[in-house]
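Below is one structure, written out as structure tokens; comments come after it.
Each chain gets a letter, A, B and so on, in the order the sequences are listed, and its residues count up from 1.
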Amino acid sequence: MTDPSNDTTPHRLLVIDGHSMAFRAFYALPAENFATATGQHTNAVYGFLTMLLTMIRQQQPTHVAVAFDLDTPTRRSEEYAEYKAGRSETPQEFYGQIDLIVKVMEALRIPTITLDGFEADDIVATLATLSEDAGWETRVVSGDRDVFQLITDRTLVLYPKKGVSDIPLMDAAAVEEKYKVSPAQYPELAALVGETADNLPGIPGVGPGFAAKWLKEYGDLDGVLANADKITGKKGESLREHMDNVHRNRRLNALVRDLELPVTLEATTLEQPDREQLEELFDALEFNRVRQRVFDTFDERLGTTTEPAQDDVTPDFTVADSAQQVNDFLAEHGGELLGVYAEITGPEMVAKRKIPVPGDYGTVTGVSFAADDAGLFVDLTSDSAAAKAARDALADPALDTAVYDVKSIIKAFGSTASIDGVQDDALISAYILQPDRRSYELSALVEGYLNANLDTGETPAAGQQALDLDGAEEESKAQQRAHDAVRAAWMIRRLSQVFTPAVIERGAQQLLQNLEIPLAVVLAELEFAGVAIDEARLGELLQQFSDEADAAQESAWAANDGEKVNLGSPKQLQVVLFEKMDMPKTRKTKTGYSTDVDSLNDLLERTGHAFLQNLMLYRDATKLKQTVQGLKDAVAEDHRIHTTFSQTTAATGRLSSLNPNLQNIPVRTEAGRQIRDVFTAGTLPTGEQTQLLTADYSQIEMRIMAHLSEDEGLITAFKDGEDLHRFVGANVFDVDPQDVTSEMRSKVKAMSYGLAYGLSSFGLSKQLRISVDEARELMSAYFDRFGAVQTYLRDVVKQARKDGFTETMLGRRRYLPDLTSDNRQLRDMAERAALNAPIQGSAADIIKLAMLGVQRELTEQQLRSRMILQIHDELILELAPGEEEQAERILTEQMSSAIELRVPLDVQVGRGRSWNDAAH
DNA sequence: TATGGAACGTA
DNA sequence: CGTACGTTCCATAG
């Protein structure tokens, strides 16, 4: 047995019979446990992948290839029509998984080989032969025993015993041990015995034992056949009767070893996978656990540090310790775009919970600048002259820079430096180009766009190592730190050089430079400002909701025979509701039956059980309690909450809010309003009391739909300024506006909003608790009256399918490759996203424009009032005393004139001492 | 300890 | 079988 760890041979090819192994994987793993949200089964893909990883780890190949069958006739089926006949239909769940495996192999940069007229095992045999001839080691992975004939000293077979985890290595000795013939003779034995799986009958009554005995006695198959007469008994008789079978079997099970393959051996070299593609695929397949294993395996096999490309060497750099050195660098390189990287430490994290300490934005401890072939690092931990020169450079509007995440830099600098001259922010550019990326981390962008690593094993020039033993270690640490920072700046510059032409080509340069980058600066101001919190009231609310939750819990337990189930555990609830109490089954979820509020209400109607009511009360109270607790934990030392706005999260162009999320504070219930009441107008450093001003766009998405669809009816509705839903209701129900009942109005309202989400008649019926027929009639009446809306929505999807993306009014794109998917669920989802993205995204464009306008006016008019929050269609300002009217005018004007539509943009404003008050 | 699902808040 | 998010908890995997 060859020791697989004995890696003295430079080349080792792993060649896999893809179809055979995919099938093994499929049957080894339960299909029902491996499916994506969209119903695509993935058990074969998963099994195949884990098998591949195991093989790579165990066998340490330098080359890998996978062969697949085609669905076309092969030499075998041509010769013998019944070949593989009688096999049961390929199961539905297997369908499509081969394609997925091929895609995964593509992303792994492992060649997949098919050849018209030939099956995978012929390809495998040819590759193994080429490898053998080249003097390489070979490992063949296949569940087909025919490959045993390939075994030599250097070519071994991995034949799965069961599943894909137990795959022992078969060498000549193992074959001889098991079948009592040599590998070369194995197909002769198989010809005699036959192969049920391939529908190749052999000699009835003859098994491997007798076959081996005969072969040994007469030397080989020809010998056995020539001496058939000499074999006595039933088995001899059978042999003579079925000689044709044997001849045919032998012809068919001989593997073709000299095919013309479309790839060379060299092309099977194991390479670094395409991480981007792989991430995307794994996202779609919902492979998360295996993802890291894939990367680890390849890293381990290939080494994490790939050979740096010729052009991938961090430029020489200077560590500046004088202003002169900074200025010299800028004098020489300041004329070109400089990559700038800010080394930021912290912020401190609140123990255990991984959220930053409220109000702590970290510190910039160093900054690096990178030109094409030169770099500079400046330590900023002390107030040196070099540090000052670096800060001045960053503030210089004439110095063109490309940065990464300007908002974080501004926040970490705080008041200690300002930033100007930013031409590009790689974070934001990447978002403009690919708004649905999973990660925008600098390292991910470098890997994805530059095919390089941010972090190399590179160490700076050894010449720097002083002989002074005491100082040497620290010296080299400092040098490494500077090197890493310069490399980051250099990568940012290179990213920018890739992104900028792509952004220009897309026509999104305005969007980037005049909207998103300036907005990042504005957002930093919002985050700095924060919103004042009435902490005392917040504490009272926490107690209140906590008491309510406790009371509801007690009542629920009482209604459950005093049994104390965890009301927060859907799993335990399922046991109580559907097993113990034997209630009717609700909607199915991935893990059982749903216990969401709709389901519980349904059950309450049917059973009237007191447990349900109290459970819902508990849910409500707990949710509120959690929200309040989250707010409490987020209050900073200045008694304010400083949320973080993420500018690169929502694929449509919206902002998102985190730590804490202030865009989902309850509003519809009384309790929600109580919570909004703790968001208050703060006090200025001068001690003056401020006020809050809120302004929101009314029905902005409907207005955008009216604008984009150019529907005359809808445009008229908005121009007349009357109640939109009443107007639409009058048209849909064909009555006078004053005769529209509140029921009609709410139906129409739900439908209008639903349209922008791709609501179906089924969905509408469920929401309004009406029949599907009624819902369908409602929709058709709507489209009769507002035909252009229907045309618009249809055209949006059509255009998106053609282009592969949707676009907002400001040219913000969202790519939707699933529009052409074979998977209906995926395709439908993509269509709904396509409907929604231009509408939601244009609304996001508009309020972002408004924010820039508001900020500009507040500054120009030198007001102390400031913007503090954005909630998608709402802006909140904190007003300094005496500025109320002026600020309100700015807000209204800037919001309503942010963009010119075919309908007016209506803005509702309100003022008050709290967010709740201001909204009324 | 990290990850995913369910649930639920907002626009 | 309505889009876009973030947070929380529990359960599971390791």
Side-chain angles (χ1 to χ4, degrees), chain A residues 37 286-293 352-355 435-436 565-574 587-600 615-616 618-620 622-631 633-634 643-646 649-669 671-672 675-676 696-701 750-768 772 775 806 814 816 824-825 828-841 843-844 847 869-874:
Chain A
E286 299 173 17
F287 284 2
N288 295 304
R289 224 165 286 287
V290 83
R291 187 184 309 236
Q292 197 53 47
R293 261 165 54 211
K352 195 167 174 210
R353 309 188 49 196
K354 287 191 302 189
I355 60 167
D436 53 0
V565 286
N566 182 344
L567 299 179
S569 161
K571 204 181 164 206
Q572 293 183 36
L573 286 178
Q574 281 170 33
R587 178 173 64 84
K588 269 193 185 147
T589 69
K590 223 169 193 172
T591 53
Y593 298 99
S594 171
T595 67
D596 68 10
V597 70
D598 282 345
S599 304
L600 293 183
L615 172 58
M616 286 189 275
Y618 171 82
R619 283 245 178 99
D620 287 344
T622 316
K623 179 80 182 174
L624 292 164
K625 183 182 151 192
Q626 282 163 3
T627 302
V628 170
Q629 183 66 53
L631 293 175
D633 293 341
T643 187
T644 301
F645 290 103
S646 170
T649 295
T652 53
R654 273 190 176 179
L655 300 177
S656 79
S657 157
L658 64 161
N659 292 335
N661 181 359
L662 296 187
Q663 290 177 326
N664 72 341
I665 301 302
V667 66
R668 292 181 226 283
T669 60
I675 294 177
R676 287 194 174 212
D696 64 86
Y697 283 113
S698 64
Q699 297 148 337
I700 189 168
E701 296 197 349
M751 181 163 60
S752 292
Y753 278 109
L755 286 177
Y757 301 145
L759 184 67
S760 64
S761 49
F762 177 90
L764 184 63
S765 74
K766 218 177 68 172
Q767 191 189 323
L768 295 177
V772 177
T806 62
R814 177 172 183 187
L816 293 162
R824 221 196 76 173
Q825 201 183 339
D828 287 352
M829 279 170 59
E831 285 182 4
R832 292 192 294 267
L835 283 184
N836 181 250
I839 299 170
Q840 189 184 115
I847 197 165
L869 289 176
Q870 188 251 47
I871 301 100
H872 308 309
D873 67 351
E874 175 183 9

Q: List in chain and number order the residues that pass side-chain hydrogen bond (donor to acceptor under 3.5 Å, both in side chains) with A:Asp598, two or more places apart in sequence or in another chain; answer none if no residue qualifies.
A: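 Here no residue qualifies.
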**Q.** side-chain hydrogen bond (donor to acceptor under 3.5 Å, both in side chains) partners for A:Asp828, two or more places apart
**A.**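 Per chain and number, A:Asp828 pairs via side-chain hydrogen bond (donor to acceptor under 3.5 Å, both in side chains) with A:Arg824.
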For [X] and [N], is the shortest distance between a side-chain N/O and OP1 or OP2 below 4.0 Å?
X	N	result
A:Asn661	C:dT8	no
A:Gln572	C:dA11	yes
A:Arg668	B:dG9	no

Using atom names, set out every protein N or O paired with an N or O of nucleotides 1-3 of chain C below 3.5 Å, distance rounded to 0.1 Å.
from  : atom 1 : to       : atom 2 : distance (Å)
C:dG2 : OP2    : A:Ser760 : N      : 3.3
C:dG2 : OP2    : A:Ser760 : OG     : 2.7
C:dG2 : O3'    : A:Arg832 : NE     : 2.9
C:dG2 : O6     : A:Gln767 : OE1    : 2.9
C:dG2 : N1     : A:Gln767 : OE1    : 3.2
C:dT3 : OP1    : A:Arg832 : NE     : 3.1
C:dT3 : OP1    : A:Arg832 : NH2    : 3.4
C:dT3 : O2     : A:Gln840 : NE2    : 3.2

Measure from [atom1] on [X] to [atom2] on [N] and round the result to the nearest Å.
X	N	atom1	atom2	value
A:Gln574	C:dC9	CD	C1'	15 Å
A:Ile675	B:dC8	CD1	P	16 Å
A:Asn566	C:dT8	CG	P	17 Å
A:Arg291	B:dA2	CZ	P	17 Å
A:Arg676	B:dG9	CZ	P	13 Å
A:Lys623	C:dT7	NZ	P	11 Å
A:Arg619	C:dC10	CZ	C1'	12 Å
A:Leu624	B:dT10	CG	P	10 Å

Which part of the nucleic acid, if any, lies within reach of [X] when heavy atoms closer than 4.0 Å are counted: base, sugar-phosphate only, or nothing?
X	result
A:Ala837	nothing
A:Thr627	nothing
A:Ser594	sugar-phosphate
A:Asp696	nothing
A:Ser646	nothing

Q. In chain order, what residues pass the salt bridge (Lys or Arg N to Asp or Glu O under 4.0 Å) check against A:Arg293, with sequence neighbours excluded?
A.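 Listed in chain order: nothing, the list is empty.
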Q | salt bridge (Lys or Arg N to Asp or Glu O under 4.0 Å) partners for A:Glu874, two or more places apart | A | none
Show each protein N/O and nucleotides 12-14 of chain C N/O combination with a separation under 3.5 Å, one pair to a line.
from   : atom 1 : to       : atom 2 : distance (Å)
C:dT12 : OP1    : A:Lys571 : NZ     : 3.0

Q. Taking atom P in both B:dG4 and C:dG2, what distance in whole Å separates the two?
A. 25 Å
Q | Backbone of A:Thr652 reached by a side-chain donor or acceptor of A:Gln840 within 3.5 Å | A |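 The answer is no, because no donor-acceptor pair under 3.5 Å joins these two groups.
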**Q.** Check: A:Arg654 side chain, A:His872 main-chain N or O, donor-acceptor pair, under 3.5 Å
**A.**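 No.
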Taking the minimum atom-to-atom distance to the side chain of [X], which one of [options] wins?
X	options	value
A:Ser656	C:dA4, C:dG6, B:dT10	C:dG6
A:Ser569	C:dC10, B:dC8, C:dG6	C:dC10
A:Thr595	C:dA4, B:dA7, B:dT10	B:dA7
A:Glu286	B:dT10, C:dC5, B:dG5	B:dG5

(Q) Testing the basics here: between A:Arg587 and A:Asp596, what is the closest heavy-atom pair and its distance to 0.1 Å? (A) NH2-OD2, 2.5 Å
Would you call [X] and [Y] a side-chain contact if the rule is heavy atoms closer than 4.5 Å?
X	Y	value
A:Lys623	A:Tyr618	no
A:Leu869	A:Thr643	yes
A:Ile665	A:Leu631	yes

Q: Mark yes when over 12 heavy atoms from residues, nucleotides or ligands other than A:Met616 sit less than 6.0 Å from its CE; otherwise mark no.
A: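 More than 12 heavy atoms, drawn from other residues, nucleotides or ligands, come within 6.0 Å of this atom.
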Q: Please state whether the base of B:dG9 and the side chain of A:Asn664 form at least one donor-acceptor pair under 3.5 Å?
A: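 Checked by distance alone, the answer is yes.
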